[in-house]
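These notes are about the structure you will find just below.
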Amino acid sequence: MPELPEVETLRRQLEKEVIKKTVADLEAKSSRVLKRLHPQSLSKELLKKTIEQVTRKGKYIIIGFNNSLCLAIHLGMSGQILFTPKKSTRGKNNPPEEKIPHLYLTMRFTDGSALRYVDPRTFGQILLLKDLAELQELTELGFDPLEAAIPWVEFASYLVNQKSSLKAILTNQSFIAGIGNIYADEILFAAGLRPDRDPKSLSTQEIRRLYRSIGEVLTEAVKHRGSTLADKSYVDIYGNYGEYQQYHNVYAREAMSCKRCRGTVQKIKYQGRSTYFCPLCQR
DNA sequence: ACGCCCGCCTGTAAGC
DNA sequence: TGCTTACAGGCGGGCG
């Protein structure tokens, strides 16, 4: 589910819904999602605290409280952050809490609304940080391409010193934070470059095109509130699907015709992951 | 030394 | 139909 556009969509929605809200009650289920964090200490630390800001770094959502503590959430492959407004009617989309499968955290606010974290595959992480700087140390994240893009010359000089392929570089979180398998493929299509291309062989023009494509694809994807794939596992905080999948040029379009050249989109297994590209448009 | 592949989980879908 | 296998957008650890 969760690459930068999806996480940024959640961040914007959370900013609208939970800023200035005060925690009335917090319930957490002990699991590897919480790592070594104890449910009781988590609830003790955050009880009666007020949310001041919701930020994002790469694929992490960071909820900042008025005691300077931050709850950092990484959604892994299947994590969902869901918001329930104060007067929630119990219906099909709002089952009683005990019926929600894979629920690991419920944060209720004083106004009766609530935030939940749900994660079937439990690859996600919930971390309690003393402050924002701690996340950086913890994860060695690279630059965020939407919040803090680096100058393109710096981008270029990094690229030409790399030994791995373009796709590996794009998905390396310690260089660029936030790009995963879907958006790497879409960015490479937009740039007209093959996923297995050796960065040392890139012309200046190609580097510029790649740099531009990163910003354009991610911005466009945020505009359409991220991608929900066939498995429907990505939903926003209201349970709605994203719409950027309609605009995918290659991802999950195996054997379909290329939207640019009418060639055929290929699916290969590359570095252990599904990779989609157009062999005619991308070189 | 570093790029890369496995395994961690559950759910779903395709394949036989 | 039903069992088995493969695969899924995450990442860290360990291996070659």
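The chains referred to below are lettered A, B, ... by the order of the sequence lines, with proteins before strands, and numbering in each begins at 1.
For Gln80(A) (side chain) and Ser233(A) (main-chain N/O), a donor-acceptor pair under 3.5 Å exists by modelled atom type.
Geometrically, Lys232(A) engages Tyr241(A) in a cation-pi contact defined by less than 6.0 Å to the ring centre and at most 45° from the axis.
Ser78(A) and Asp119(A) share a donor-acceptor pair across their side chains, judged by distance under 3.5 Å alone.
Across all strands shown, Tyr251(A) has heavy atoms under 4.0 Å from sugar-phosphate atoms exclusively, and none from any base. When heavy atoms are screened at a 4.0 angstrom cut-off, Gln173(A) is found touching the sugar-phosphate backbone but no base atom.
Rounded to a whole angstrom, the distance from the P atom of dG11(B) to that of dG12(C) is 24 Å. For the P atoms, the distance from dC9(B) to dC3(C) is 25 Å, rounded to whole Å. Distance check on atom P: dT5(C) versus dG7(B) gives 15 Å, rounded to whole Å.
Atom CE in Met77(A) sits roughly 11 Å away from atom C1' in dG7(B) (whole-Å rounding). The distance between atom NZ of Lys29(A) and atom C1' of dC9(B), rounded to the nearest whole Å, is 13 Å. Straight-line distance from the CG atom of Leu229(A) to the C1' atom of dG10(C): 13 Å, rounded to whole Å. Put simply, CG on Leu127(A) is 11 Å from P on dG12(C), counting in whole angstrom units. The interatomic distance linking Arg121(A) (CZ) with dC8(B) (C1') rounds to 9 Å, in whole Å. Rounded to whole Å, atom C1' of dC8(B) lies 12 Å from atom CD of Gln125(A). Taking atom CZ on Arg32(A) and atom C1' on dG7(B), their separation rounds to 10 Å, with Å as the unit. When rounded to the nearest whole Å, the span between CD1 of Ile268(A) and C1' of dC4(B) equals 15 Å.
Residue-to-nucleotide proximity on DNA chain B shows that, of Ala230(A) and Ala168(A), the 5′-proximal contact is made by Ala168(A).
Base pairing annotation: dC9(B) forms no Watson-Crick or G-U wobble pair, as no partner gives both donor-acceptor distances under 3.5 Å.
When the side-chain nitrogen and oxygen atoms of Lys59(A) are compared with OP1 and OP2 of dG10(C), one or more of them lie within a distance under 4.0 Å. Note on His102(A): a side-chain N or O is less than 4.0 Å away from OP1 or OP2 of dG11(B). Between dC7(C) and Arg273(A), no contact under 4.0 Å exists linking OP1 or OP2 to a side-chain N or O.
Taking only side-chain atoms of Ser164(A), from C-beta outward, the nucleotide of dG10(C), dG3(B), dG11(B) with the closest atom is dG3(B). Here dC4(B) is the nucleotide among dG10(C), dC11(C), dC4(B) with the atom lying nearest to any side-chain atom of Gln271(A).
In this structure, the side chains of Leu141(A) and Gln136(A) come closer than 4.5 Å at one or more pairs of heavy atoms.
Comment: Glu243(A) engages Arg225(A) in a salt bridge, judged by a side-chain N to carboxylate O separation of less than 4.0 angstrom.
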